[in-house]
Amino acid sequence: MKSNPSSQPSANSVFNDTQVEDWRAFFPALDQQVNGRPLIYLDNAATSLRPIQVIGAVSDYYSTINANVHRANHFLGHQSTRIYEAARQRVADFIGASSSGEIVFTKGTSESINFVAAALSEHVLQPGDTVILTESEHHSNMVPWIHLKQRLGIRLEYIPVEPSGEADIAVFERILEQSPNVRLVSIAHASNLTGAVHPLHEMTRMAKRFGALVMIDGAQGVVHHRVDVEEIGCDFYAFSAHKMYGPMGVGVLYIKEALHEMVGPYQFGGGMIDAVHFDRVSYAAAPYKYEAGTPNVAGAAGLLAAIDFMTKTLDFEAAVTQEQMLLGHLEEGLSGIRGVSMLGQGDHPKDPIVSFYVPGVHHYDIATMLDGFGVAVRAGHHCVQPLLRKWGLEGTIRASLSFYNTKGEIDAFLTALERVLAMLG
Amino acid sequence: MTIKEKEAQLIEDFELFDDWMDKYGYIIDLGKSGASLDDASKREELLIKGCQSRVWLEAEMKGGKVYYRADSDAVIPKGIAAMLTGLFSGHRPDEILDFSPVFVDRIGLGQHLSPTRSNGLSAMIQQIKNYALAFKSKEA
């Protein structure tokens with residue numbers, strides 16, 4: 001296994017060329033040809049690539065431990081439980097939770113949000129209660145609530161979002177003041193469409209003044225920010241491992257301990273019970289009552305390795321600085337191409353995501369032809385259909401960056417885009 | 001010409017191009033010259049589900065043979081649709097139902113235009129066959 005690159009970049013500088021190559025060497029998927037050209041992977045907001053440390057952790061788990069967790073009276077079972085619970089503790093430390101009991105493993109962000117929607121619909125949300133979202137929420141943090149509006153009769157209010165990606169805080173204040181029974185405010189840490197980072201601390205404080213619960217969809221945020229759930233003051237924080245260098249199929253729901261009484265189980269079965277009789281059941285304590293069935297232990301082991309990679313191997317601050325440098329380079333390049341309109345432009349904090357469109361040219365055609373150049377971008381509605389419709393757009397091209405991308409890749413992407421537009425325009 | 005002969009001709013046409021960019025250029029040109037739809041005909045019920053872009057497909061039966069017209073708001077799917085409508089138009093429902101096109105792989109764009117939901121290629125072929133089946137059962 002490769003050792004940690006020895007030259008430690010300082011927090012204020014970005015990587016030099018050697019360091020970039022060292023970091024890239026951790027990610028085997030970068031080293032391949034696509035359509036006869038070197039892969040240029042600019043779809044990191046959909047899923048990041050995985051370093052050898054994470055791939056190795058998952059592989060090691062199945063190669064050696066491979067036993068079911070909890071209630072095992074044998075060596076491998078103990079090992080499996082140990083790594084699973086160690087992962088839970090590492091996640092708790094990683095996001096500033098006060099104990100590992102506040103960490104529930106799920107399949108990913110979508111399941112985490114569905115969990116909260118289902119649990120709150122049982123005991124907390126009543127017809128006529130208000131749930132507040134921003135207009136730029138991913139469908140994952142919108143559809144479960146629309147479903148509850150249809151099924152249970154809750155009210156939904158949306159905080160307007162401008163093409164800059166910024167949520168209108170003044171309107172948020174007004175919605176809080178004027179809506180009956182605001183039970184929950186559920187907002188993304190950062191938009192997967194525009195990259196705009198929402199002012200979580202301020203919005204959580206505002207919601208708390210009105211006694212609302214606060215959930216943060218951290219799918220995009222957790223990979224670019226040091227998260228501290230206690231400092232934010234939120235009640236729920238959801239994220240996926242696969243967008244932060246970890247495996248697919250495992251995610252996290254942070255549930256603040258004070259809510260463990262109120263929030264009941266979401267799924268039922270083995271592993272989550274205290275005692276079962278033919279006609280009644282009592283449940284285990286949190287977090288176990290929230291995890292029915294055999295969990296994704298290999299996924300948890302991989303997530304643990306991903307967190308170790310981010311916090312120990314990687315100089316996280318330097319990586320974020322590098323991403324912001326790359327973002328600036330990409331935005332500058334795109335602004336020089338005739339016909340390109342970018343979303344998410346403004347002075348607000350932004351994660352390294354750029355959505356753009358070219359009037360008169362279909363995003364599908366652009367992405368299909370970019371693929372011929374080995375460039376992976378995403379085209380479409382990015383699971384933010386209602387907001388794009390409001391802006392009169394059918395879709396955009398989204399380029400999303402990671403610290404392992406290079407200026408050279410961005411230049412090659414820009415050149416390919418110009419050739420594609422010359423042909424399609 | 002049979003559908004198979006028409007497909008062989010199409011594959012031969014593409015052999016003139018070495019570069020994939022030129023192949024796309026030809027597909028786009030085929031879309032521009034194919035049987036398209038006027039705006040009034042681009043009706044919701046003609047949309048093919050499963051494409052990332054909007055693709056409309058219309059069919060009619062004349063003298064026992066099916067004729068297709070297609071359009072799209074994206075130029076590459078429009079070209080693909082034009083290739084398909086060109087192949088299948090003017091044939092009896094039975095011939096249409098029996099034929100499975102292979103040209104996408106043979107023209108060297110199989111990697112680019114794999115029959116996934118992204119370009120709706122398989123959805124287009126399915127819809128072409130659905131029309132043929134409907135006309136056939138009406139005839140019987």
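Here is how names work: the chains are called A, B, and so on, in the same order as the sequence lines, proteins then strands, and each is numbered from 1.
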With a cut-off of 6.0 Å (strictly less than), are more than 12 heavy atoms of other residues, nucleotides or ligands near [atom1] of [X]?
X: Lys32(B); atom1: NZ; result: no
X: Glu162(A); atom1: CD; result: no
X: Lys129(B); atom1: NZ; result: yes
X: Lys42(B); atom1: NZ; result: yes
X: Glu5(B); atom1: CD; result: yes
X: Gln385(A); atom1: CD; result: yes

If you look at every heavy atom in [X] and [Y], which pair is closest and at what distance?
X: Trp20(B); Y: Arg37(A); value: NE1-NH2, 3.9 Å
X: Ile28(B); Y: Leu424(A); value: CD1-CD2, 3.7 Å
X: Asp365(A); Y: Ile76(B); value: OD1-N, 2.8 Å
X: Met423(A); Y: Met21(B); value: CE-O, 3.0 Å

For Ile366(A), is it the side chain, the backbone, both or neither that has a heavy atom under 4.5 Å from a heavy atom of chain B?
neither

Partners meeting ring-ring contact (aromatic ring centres under 6.0 Å, His included) with His381(A) (sequence neighbours left out):
His139(A)

Quick one: list whatever passes side-chain hydrogen bond (donor to acceptor under 3.5 Å, both in side chains) with Thr106(A), sequence neighbours left out.
Ser112(A)

Applying salt bridge (Lys or Arg N to Asp or Glu O under 4.0 Å), name anything that partners Arg398(A), two or more places apart in sequence or on another chain.
Asp43(A)

Neighbours of chain B found in residues 142-149 of chain A - heavy atoms under 4.5 Å
none

Calculate, to the nearest 0.5 Å, the distance between atoms OG and NE2 belonging to Ser72(B) and His362(A) respectively.
6.5 Å

